[in-house]
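In this chain, residues are counted from 1 in sequence order.
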Amino acid sequence: MVSEDKRESWGSRVSFLLACIGYAVGLGNIWRFPYNAYKSGGGAFLVPYFIMLVLCGIPLLFMELAVGQYTRRGPIGALDKLCPILKGAGVGTVVISFLLSTYYNVILSWAIFYLVSSFQDPLPWVGCNNWWNSEFCFKNSDNSTDLSTHINMSLGVSSTQEFFDKRVLQMSDGIHNMGEFQWELFGSSPLPGSLSTSASGRGGHDWEGGYLTATLPIFLLIAFAIRGATLPGAGKAE
């Protein structure tokens with residue numbers, strides 16, 4: 001009689017719940033979702049969003065959880081157990097996850113760079129007197145009702161955009177010019193990967209860091225929503 005290897009299980013229901021929250025809520029919710037909502041019509045964007053959430057997002061989430069609970073395997077083993085011919089789809093899922101993690105760690109290194117830069121006074125992205133700013137730079141706090149300022153804003157580049165393009169990324173003038181190596185981003189890139197590896201290595205056991213990493217994005221989204229609702233002109237959708 002051959003017995004299957006005993007796999008680890010979750011230490012508690014709270015650990016499983018926090019893992020699901022951490023899987024569903026991440027940097028994209030803080031960084032990408034508000035931008036897409038603003039660009040796609042503001043509150044009107046939430047109508048198709050919630051429709052797709054109910055019709056596609058939640059059913060697919062429950063299906064994934066059910067398959068994982070039933071098979072107690074990873075993507076490759078789960079699909080192999082359900083239908084051996086689909087084992088290649090599981091391999092493709094792992095490969096896609098690996099490719100996504102490569103660029104996602106780069107985005108997280110940008111976030112770390114911004115975090116460290118936020119301790120400077122004044123903030124480096126609020127002014128136009130830095131070495132990376134051009135003559136077309138304008139501050140976001142400039143009064144747009146002034147005609148000259150309005151023309152400058154329509155033709156120029158905001159200080160926040162120039163900070164990202166010319167300080168964080170140090171973008172060159174084209175693909176033919178490789179530019180200089182960004183040692184700050186290179187140094188911060190291993191940190192997200194090492195944290196993820198450390199958390200994954202603990203398996204389903206209780207990990208105190210999960211209480212922070214899973215709930216922090218939610219609190220940040222609530223804080224951003226409150227901040228946006230209290231800005232001048234928020235009630236008039238300006």
With Ser158, which residues qualify under side-chain hydrogen bond (donor to acceptor under 3.5 Å, both in side chains), at least two apart? Thr160
For Leu55, the other hydrophobic cluster members (4.5 Å side-chain criterion, sorted by chain and number) are Val47, Ile51
What do the steps show when you test Ile112 against Leu191 for side chain to side chain contact (heavy atoms under 4.5 Å, CB included), and what is the final call? CA-CA 9 Å; Ile112 295 175; Leu191 181 59; 3.7 Å; yes
Chi angles and distances behind the side chain to side chain contact (heavy atoms under 4.5 Å, CB included) call for Val94, Phe98: CA-CA 6 Å; Val94 175; Phe98 172 76; 5.7 Å; no
Identify the heavy atoms of Lys87 and Ile76 that sit nearest to each other, and give their distance. CE-CG2, 3.7 Å
Taking salt bridge (Lys or Arg N to Asp or Glu O under 4.0 Å) as the test, write out the residues that go with Lys166, two or more places apart. Glu162
Could you go through residues 167-182 and list every donor-acceptor pair under 3.5 Å that involves a side-chain atom there, pairing it with any protein atom two or more places apart or in another chain?
unit_1 : atom_1 : unit_2 : atom_2 : d
Arg167 : NH2    : Glu184 : OE2    : 3.3
Gln170 : NE2    : Gln182 : OE1    : 3.0
Ser172 : OG     : Gly174 : O      : 3.0
Ser172 : OG     : Asn177 : O      : 2.6
Asp173 : OD1    : Asn177 : ND2    : 3.4
Asn177 : OD1    : Gly179 : N      : 3.3
Gln182 : NE2    : Arg167 : O      : 3.4
Gln182 : NE2    : Val168 : O      : 2.4

Shared hydrophobic cluster, Val106 / Leu108 (ILVMFWY, side-chain heavy atoms < 4.5 Å): yes
With sequence neighbours excluded, tell me which residues meet side chain to side chain contact (heavy atoms under 4.5 Å, CB included) with Ile222. Ile218, Ile226
Side chain to side chain contact (heavy atoms under 4.5 Å, CB included) involving Ser189 - partner list, sequence neighbours excluded: Ser109
I need the minimum non-hydrogen distance between Pro59 and Leu53, along with the two atoms involved. CD-O, 4.1 Å
Do the side chains of Leu46 and Ile58 join up, straight or via other hydrophobic residues, at under 4.5 Å, putting them in one cluster? yes
Apply ring-ring contact (aromatic ring centres under 6.0 Å, His included) to Phe50 and list each qualifying residue two or more places apart in sequence or on a separate chain. none
Side chain to side chain donor-acceptor pair (under 3.5 Å) contacts in which one or both residues fall within residues 96-106, not counting sequence neighbours: none
Going by side-chain heavy atoms closer than 4.5 Å, which hydrophobic residues are tied to Leu115, directly or by a chain of links? Phe119
Summary of disulfide (SG to SG under 2.5 Å) pairs that have at least one residue in residues 70-136, sequence neighbours excluded: Cys128-Cys137
Sub-4.5 Å side-chain heavy-atom contact between Val126 and Leu123: yes
Using a cut-off of 6.0 Å, state whether more than 12 heavy atoms not belonging to Leu60 lie near its atom CG. yes
Taking the side chain as every heavy atom from C-beta outward, state whether Val67 and Leu82 have any atom pair closer than 4.5 Å. yes
Distance check, rounded to the nearest 0.5 Å: Leu185 atom CG versus Ile107 atom CD1? 12.0 Å
Sub-6.0 Å ring centroid separation between Tyr114 and Trp125: yes
Working to the nearest 0.5 angstrom, can you tell me the gap between Arg73 CZ and Asp80 CG? 9.5 Å
Would you say that more than 12 heavy atoms from the other residues, nucleotides or ligands in this model lie under 6.0 Å from the CZ of Phe33, or not? yes
Residues in side-chain hydrogen bond (donor to acceptor under 3.5 Å, both in side chains) with Asn36, at least two apart? none
Rounded to the nearest 0.5 Å, what separation is found between the CZ atom of Phe113 and the OG atom of Ser188? 8.5 Å
Only counting residues at least two apart or in another chain, list the ones meeting side chain to side chain contact (heavy atoms under 4.5 Å, CB included) with Pro124. Ser117, Gln120, Trp132, Phe163
